[in-house]
Amino acid sequence: MQQNWIWLDPVRYPDAQTTVYNGFCDKKPSDYAVCEFVKEYAFTRKIRKATLTYSGDTEFRLYCNGAFVATGPANVGGDFFISNEEPWPTHFSFTSEVYPDGNTLDLHAWVKMMPVRINEFSKGHGGFMLYGLVEFEDGTTEEITSDSTWLCRKNHAYTAPDCYDGTRPIDAFSNAVPIENIWHATSAPIPPRTEKDIGAHTFTVAAGSTQEFDFEYPRIYSCFIHLLVKTQSPLHLTVQMRETEKIEATEHLTFTCDTEYISPGIRSIGGYHVIAENRGDTPAEVTLSMLETHFPVTGCAMTETSDEELNLVLDVCRHTLKQCMQMFESESTLHCEPMACTGDYYVEAMMTALSYGDLRLAEFDVLRTADILRVKEGVMFHTTYSMIWIMMLYDLYRFTGHTDLLRRCADALELLLERMHTYVDESGIVENPPSFMFVDWVIVDGMTLHRPPKALGQTYLNMFYYGGLIYGAEIYDVLGDTAKAELYRSRAAALKTAINTLLYDPERELYFEGLNTPSRYGDGWWLPQNVEKRYYRLHSNVLAALFGVHDNPADLLTRTLEDDSLGYFQPYFAHFVLEAVRECGLTHRFSREILDMWKKPILDCPKGLPEGFIYQENYGFDHSHGWGGTPLYHLPMVLSGLEILEPGYKRIRLHPDLLGFAHANVEIPTPCGTIRIEMREGKEPVVTIPEGIIVEE
């Protein structure tokens, strides 16, 4: 398939051609443009279906015969502040089938040029591409493609990402111009997002008046603002969007005639405050709603217990997870961070595995992160997150059985582990990495564990490096590369010895968080100069138990979780705490106590998941954060006692356990169908297993 890219005529629109590469850059107002492309194909034969492949730079909406087809393109990924000074090598297209009624294809695309959010990346030039294969009812086919017969124009009303000025003149359409294909778009292995109009409110603004309207929704949605405006005179709307109480974003919109407006960028909305100023002498009518958008999940496995408050927690976890499932598993549709937030995406992938069950998006996330590692030869901005990528890769293989996923990432895995090895000095531990981030949203002595000094982050990173080596060795075992598997196991064994020699205090029987020696890269924002105090915190001790660095992990974990002096953890790290509890066989001792931590924040605000249990100064927590939903994963795992003995659920073991609840129902999605477990106090569990799964005692 030849990709024919088109754009605006550079003679007519010289200032709407090139743009910055990413949302991290300082952007000029002239870089921003929203452009329209239209083409009507009228055939003499009735169409049975059309298969359309399409892409754009930086963001687009595509319609066929007035019906919504897709938004896109799929995000390329990208890292924080790494290789963002040049275009990322990858770009993606989507493919959709449409079924017009008749013999006409009327195609209409809105294309936004310029990255706005930090998860958006551009090749540096505006562009749009479409290829189609039209199948007719008589069995014949015909190809269509974007070319100079398409018509286009810049829509001058979109003056900025948050401004629409309908008083500006409307250009006539003119012919598009073929441009060089700098994108070479690869087909994304996921379908485009779905879109559904929800929460419509209609209000009237009297002539010559200014009125205010407030709309609240029961949940927070990832969406585009959708307005249907009927007016004969200037109407100015200030639309203030919030998740809970704080105004997070504002759009300034002016309309002079009947208009349908859709915001060019995704928003995270739990409510609106609208200020409407009618500057004319006739009333205006506005219908405001949201176009909810997310990855097209169908159905959801449900886990319920006799604890209704915990059931509400699970429900909010499901909702927030779905809203975060965008063109990658976004950490939050408010913050919209790039692929670098692997810790978020790992937790969300595990949640997805035990709820919606469709792991295509998570697998694509892993592949795009592998691209980052290739581009930067094993370097990622978040050092600990790079190790979590290895865990995510292996765990997705466990749930799906997709060996090819491991094979496609094997070279990136080697680059990463070899890069980490360069941070190990003669002492045998990771001593001089570019950073020790990210640990948790925790403040210690005025220092944030988001970007800790060595004394608060070194042991934590070494624990994850140990886990990465162990998971890496398992991956190379699966791939049949015995030499690499043995190499990484030997490095893991040496690292374990060094950790227990240098970072463990035998008198306190605890690991401390790091050495007090200077950091090679210290005195920077991402790696502050080291401090002299020795810190004992729960984070590294939990990981020592989880990964088996300590020889008696259950004892270490029990002492750690019972020692209040070791500090607190936030929803993100709670995932690893609960995993350690499960791995150490301590679910009856700790699981419900930890799960109860979600009840108060959810009861206080059931609209979405909070980013933290304990709020931090100088950081804007959101309520649309998927990483806070690990109960959606942990609870069905411990209630079912699931062990995957052969990847893809081919062989499993189950140990149903009510965990002290009066009753519980558990559903677990698998490639073969849904496992169902019904438990009632005093009765034997009723277990239903799909065909194709072998259950061992």
Side-chain angles (χ1 to χ4, degrees), residues 74 76-77 79 90 92 186-190 328-329 339-340 342-354 357-380 384-421 464-492 546-547 579 633 642-652 669-672 692-693:
V76 299
D79 200 352
T90 49
F92 295 103
T186 301
S187 179
I190 57 171
F328 61 83
E329 289 206 82
M339 197 61 68
T342 318
D344 299 69
Y345 310 141
Y346 172 60
V347 176
E348 290 174 33
M350 299 301 97
M351 293 163 60
T352 302
L354 271 292
D358 188 339
L359 291 169
R360 289 177 294 173
L361 191 60
E363 290 183 295
F364 191 24
D365 289 349
V366 160
L367 293 170
R368 285 177 284 189
T369 306
D371 284 342
I372 294 174
L373 292 166
R374 294 185 187 102
V375 168
K376 289 303 294 179
E377 298 182 336
V379 175
M380 280 181 64
T384 60
Y385 279 4
S386 68
M387 296 296 99
I388 293 173
W389 175 76
I390 305 174
M391 299 170 62
M392 184 174 175
L393 172 61
Y394 183 73
D395 280 343
L396 287 175
Y397 162 69
R398 283 197 310 115
F399 283 115
T400 65
H402 293 167
T403 308
D404 186 59
L405 182 67
L406 304 183
R407 190 173 295 111
R408 294 174 67 183
C409 294
D411 62 324
L413 173 59
E414 183 178 9
L415 282 170
L416 172 58
L417 288 175
E418 292 306 313
R419 174 66 65 176
M420 284 295 296
H421 187 59
F464 268 120
Y465 179 38
Y466 177 80
L469 288 167
I470 294 299
Y471 278 91
E474 292 288 331
I475 289 169
Y476 284 114
D477 273 339
V478 174
L479 296 176
D481 194 333
T482 305
K484 284 194 180 71
E486 290 179 353
L487 171 65
Y488 295 130
R489 280 201 180 88
S490 67
R491 287 183 182 174
L546 174 61
F547 295 129
E579 279 290 85
Y633 163 79
L642 171 67
E643 296 178 59
I644 299 177
L645 305 177
E646 187 174 343
Y649 290 89
K650 292 177 182 177
R651 288 189 307 115
I652 66 170
T670 81
C672 300
I693 298 176

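All residue numbers in this chain count up from 1 along the given sequence.
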Pair L354-F399, side-chain contact (heavy atoms from CB on, under 4.5 Å): steps then yes or no: CA-CA 10 Å; L354 271 292; F399 283 115; 3.9 Å; yes
Interatomic spacing from [atom1] in [X] to [atom2] in [Y] - rounded to 0.5 Å:
| X | Y | atom1 | atom2 | result |
| --- | --- | --- | --- | --- |
| L546 | E579 | CG | CD | 6.5 Å |
| L487 | T482 | CG | OG1 | 12.5 Å |
| I372 | L367 | CD1 | CG | 11.5 Å |
| R491 | M420 | CZ | CE | 11.5 Å |
| I388 | T369 | CD1 | OG1 | 11.5 Å |
| I475 | M391 | CD1 | CE | 11.0 Å |

Taking the ring centre of each residue, are F464 and Y385 less than 6.0 Å apart? no
Are Y471 and Y476 an aromatic pair, judged by ring center distance below 6.0 Å? no
Please tell me if the side chains of [X] and [Y] come closer than 4.5 Å, counting only heavy atoms from C-beta onward.
| X | Y | result |
| --- | --- | --- |
| Y346 | E329 | no |
| I652 | E646 | no |
| I693 | R651 | no |
| E363 | Y397 | no |
| L413 | L406 | no |
| V366 | C409 | yes |
| Y465 | T384 | no |
| I470 | Y488 | no |

Evaluate L417 against I390 for side-chain contact (heavy atoms from CB on, under 4.5 Å), listing each step before the verdict. CA-CA 10 Å; L417 288 175; I390 305 174; 3.7 Å; yes
Run the side-chain contact (heavy atoms from CB on, under 4.5 Å) check on H402 and L396 step by step: do they pass? CA-CA 8 Å; H402 293 167; L396 287 175; over 6 Å; no
I'd like to know if [X] pairs up with [Y] as an ion pair, taking the criterion as any Lys NZ or Arg NE/NH1/NH2 lying under 4.0 Å from an Asp or Glu carboxylate oxygen.
| X | Y | answer |
| --- | --- | --- |
| R368 | D371 | no |
| K484 | E418 | no |
| D411 | R374 | yes |

Taking every non-hydrogen atom, the tightest pair across [X] and [Y]:
| X | Y | answer |
| --- | --- | --- |
| W389 | A412 | CH2-CB, 4.1 Å |
| A349 | M392 | CB-CE, 3.9 Å |
| A485 | D477 | CB-OD1, 3.2 Å |
| S386 | L416 | O-CD2, 3.2 Å |

Name the residue from F92, Y345, F364 that meets the ring-ring contact (aromatic ring centres under 6.0 Å, His included) definition with F328. Y345
CA sep, side-chain torsions, deciding dist, call: R419, L415, side-chain contact (heavy atoms from CB on, under 4.5 Å): CA-CA 6 Å; R419 174 66 65 176; L415 282 170; over 6 Å; no
Verify the neighbour count for atom CD of E377: are there more than 12 heavy atoms of other residues, nucleotides or ligands below 6.0 Å? no
Look at atom CZ of R489 and say whether more than 12 heavy atoms of other residues, nucleotides or ligands are closer to it than 6.0 Å. yes
Give me the one residue out of D365, V76, D79 that meets side chain to side chain contact (heavy atoms under 4.5 Å, CB included) with M339. D365
